[in-house]
Amino acid sequence: MSRSHPTNPPESNRMIIPPVDPSREILFTIPSRLEMLAVLDQLVQALVHQADFDEDSVNAIATSIIEAGTNAIQHGHDEKAELPVHFRFRVDAQTFEAWVEDQGPGFDLSTVLSTDPTGPEGLLNSRGRGIYIMRVMMDEVEFDIQSGSGVVVHLLKRRHTNGDAAPGA
Amino acid sequence: MSRSHPTNPPESNRMIIPPVDPSREILFTIPSRLEMLAVLDQLVQALVHQADFDEDSVNAIATSIIEAGTNAIQHGHDEKAELPVHFRFRVDAQTFEAWVEDQGPGFDLSTVLSTDPTGPEGLLNSRGRGIYIMRVMMDEVEFDIQSGSGVVVHLLKRRHTNGDAAPGA
Amino acid sequence: MRIKQDVLGKAGVIRLSGQLMGGPDADQVREAIAALVAQGTVQIVIDLNDVSWVNSTGLGVLISSHILVANQGGALKLMRISKRIESIFTVTRLNTVFQVFDDEASALSSCAG
Amino acid sequence: MRIKQDVLGKAGVIRLSGQLMGGPDADQVREAIAALVAQGTVQIVIDLNDVSWVNSTGLGVLISSHILVANQGGALKLMRISKRIESIFTVTRLNTVFQVFDDEASALSSCAG
Ligand SMILES: Nc1ncnc2c1ncn2[C@@H]1O[C@H](COP(=O)(O)OP(=O)(O)O)[C@@H](O)[C@H]1O
Ligand SMILES: Nc1ncnc2c1ncn2[C@@H]1O[C@H](COP(=O)(O)OP(=O)(O)O)[C@@H](O)[C@H]1O
């Protein structure tokens, strides 16, 4: 029967998106409007807080997901409200993961990674910091870019336990 | 191409669900876990707040959507985490609307409506208040109950402007 | 939801924080009340200062606790409820069932008599 | 984002609230700064006390405003930033670009000289 939403999202052919686990999956879809970022922030904070991550991790995760959402809305969808941005969140004992998906033109990641926004050329540039912020604040950031059919960003944060060295790349 | 999420949700055959308008549609899907209600509350508050509704309306809407979500999780899905509850939100100039959908067994609404939870028999009953609360706090509450294939609750709140009498039935 | 309990004079005070919504929350409240009643404390005040919301299942927990304590000759009272929680009590007329106090001093003195 | 502006002695103070994220926010900040510069005020303090977060687009707005004011012989300073915003400044090393003050008195006195 046709429903307002599918029971579960269809499985993806994107390598970086794991099979759906409906008992842990939280899905969120918004129109491409910048003002939705404030709502996204509250949602992510509530989710990560509920999952008992420490305050620094809550901020790092919310900040990073806002950067990914900003890119999807601005660069992926050129703020065309009718293009939806899809978020998928998954919490487990050790990690918080998010996938952020747009349907935009994609971009060349190696060009972005070749400039250091904290170096002398980058520091006073008014753009080019979003992906850098995600990579510093999260433990893993992966991109699946399919030219002409959008970008999926996968963000992962590990739960820091007492005495842990900051995990990372 | 198969994606992690469909571009837009498929159109529904449910009468109370209008055609999809992706430029205004916010979708949210959670596992059937009561602890998700706290996250739902934060999301709805942020959304309604962002839409510039007054504080009383924010509370009334969040409270009502939590009641609908509680029913979907507890009565519809018997707290089976793997069954997703779907929320759809729509904001426009005059109204805030929500649809809450489960895949549970449905129920007989007329039986529920025949008891007044504020009357002498109902007042000390520990159950039977959720739908009543929604009906008092929102301007419109509609149910589409398909026996054996779930419930969709549609909630609507009008924006109150200065000097308005409380609108309603 | 988190829960703490105190005995202050004749009154048992149960302080909740988070949200009150049935499920495991109900068991925690029931256990706290059972513990107080077992030591002879039947004037019980629930402090909702740190509770952001209560849903209808949570209201059910309060009602069944109220009945339990009343059956022991006591009373269950509430204190420090937010505007949001107050409106759910008004809508459901449960404001006619529970005594609600704005502050701890007046709640406790109502238990002293 | 909402914006208010004051002139206090030699300093222009621009108070933001909400979130700072580019788009229409950028234009509002640019207009406020242009208005201050037009009346000869080039020591400008941005008060972020009521800003819950800044994204990288919002950082861009601050950087281009900083350059604009510096070109007029002035400086753009920040005050009262939250821990969350501080961490985005540290991560991007923009803490080496902007002077940041904890309170209004010290921010204003840095503009007086
Ligand atoms: N989702 C996306 N779709 C298309 N292009 C993107 C996307 N994300 C990033 N980009 C490209 O990568 C560049 C760098 O992105 P980022 O590091 O986030 O900084 P900024 O957004 O400030 O430019 C962007 O300017 C844009 O060209
Ligand atoms: N989504 C649903 N699926 C199945 N049954 C439901 C649903 N919503 C409500 N009901 C039925 O209607 C009754 C009344 O619901 P409600 O007024 O919310 O009060 P309560 O949930 O406290 O019983 C419930 O006890 C349940 O039997």
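Just so you know, these numbers use all the heavy atoms, side chains as well, and skip hydrogens, waters and symmetry mates. To find a chain, count down the sequence lines: A is the first, B the second, and so on, and within it residues start at 1.
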### Query
Which distance, rounded to the nearest 0.5 Å, do you find between the CG of A/Asp41 and the CH2 of D/Trp53?
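Result: 6.0 Å between the selected atoms.
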### Straight-line distance of D/Asn55 CG to A/Leu34 CG, nearest 0.5 Å
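Reported to 0.5 Å precision, the distance equals 8.0 Å.
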### Task
Determine which residues belonging to residues 46-60 of chain A lie within contact range of chain D, meaning some heavy atom pair is under 4.5 Å apart, and list them by number or answer 'none'.
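A/Asp56, A/Asn59 fall under the 4.5 Å cut-off.
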### Query
Is there a side-chain contact (heavy atoms from CB on, under 4.5 Å) between A/Leu37 and D/Gln19 once you walk through the steps?
CA-CA 9 Å; A/Leu37 293 172; D/Gln19 303 84 30; over 6 Å; no
### Query
Does any heavy atom of chain D fall under 4.5 Å from the side chain of A/Gln42, the backbone, both, or neither of them?
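Nothing of A/Gln42, per the 4.5 Å heavy-atom cut-off to chain D.
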#### Entry: Atom group of A/Ile66 that falls short of 4.5 Å from chain D, counting heavy atoms
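The answer is the side chain of A/Ile66.
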#### Entry: Where D/Ser56 and A/Ile133 come nearest, the two heavy atoms and their spacing
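Of all heavy-atom pairs spanning D/Ser56 and A/Ile133, the closest is CB-CD1, 4.1 Å.
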### Query
Hey, is CZ on A/Arg135 packed in by over 12 heavy atoms from elsewhere, all under 6.0 Å?
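At most 12 heavy atoms, drawn from other residues, nucleotides or ligands, come within 6.0 Å of this atom.
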### Query
Can you tell me if CG on D/Asp103 sees more than 12 non-hydrogen neighbours from other groups inside 6.0 Å?
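It does: D/Asp103 CG has more than 12 such atoms within range.
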### Task
Against chain D, work out which of A/Asn125, A/Val136, A/Thr70, A/Thr118 has the most heavy-atom pairs shorter than 4.5 Å and name it.
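That would be A/Thr118.
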### Min side-chain heavy-atom separation A/Arg129-D/Ile63 under 4.5 Å
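They are in contact (side-chain heavy atoms under 4.5 Å apart), so the answer is yes.
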#### Entry: Contact residues of residues 78-98 of chain D (partner chain A; heavy-atom separation under 4.5 angstrom)
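From residues 78-98 of chain D, the residues near chain A are D/Lys83, D/Arg84, D/Ser87, D/Ile88, D/Val91, D/Thr92, D/Arg93, D/Leu94, D/Thr96, D/Val97.
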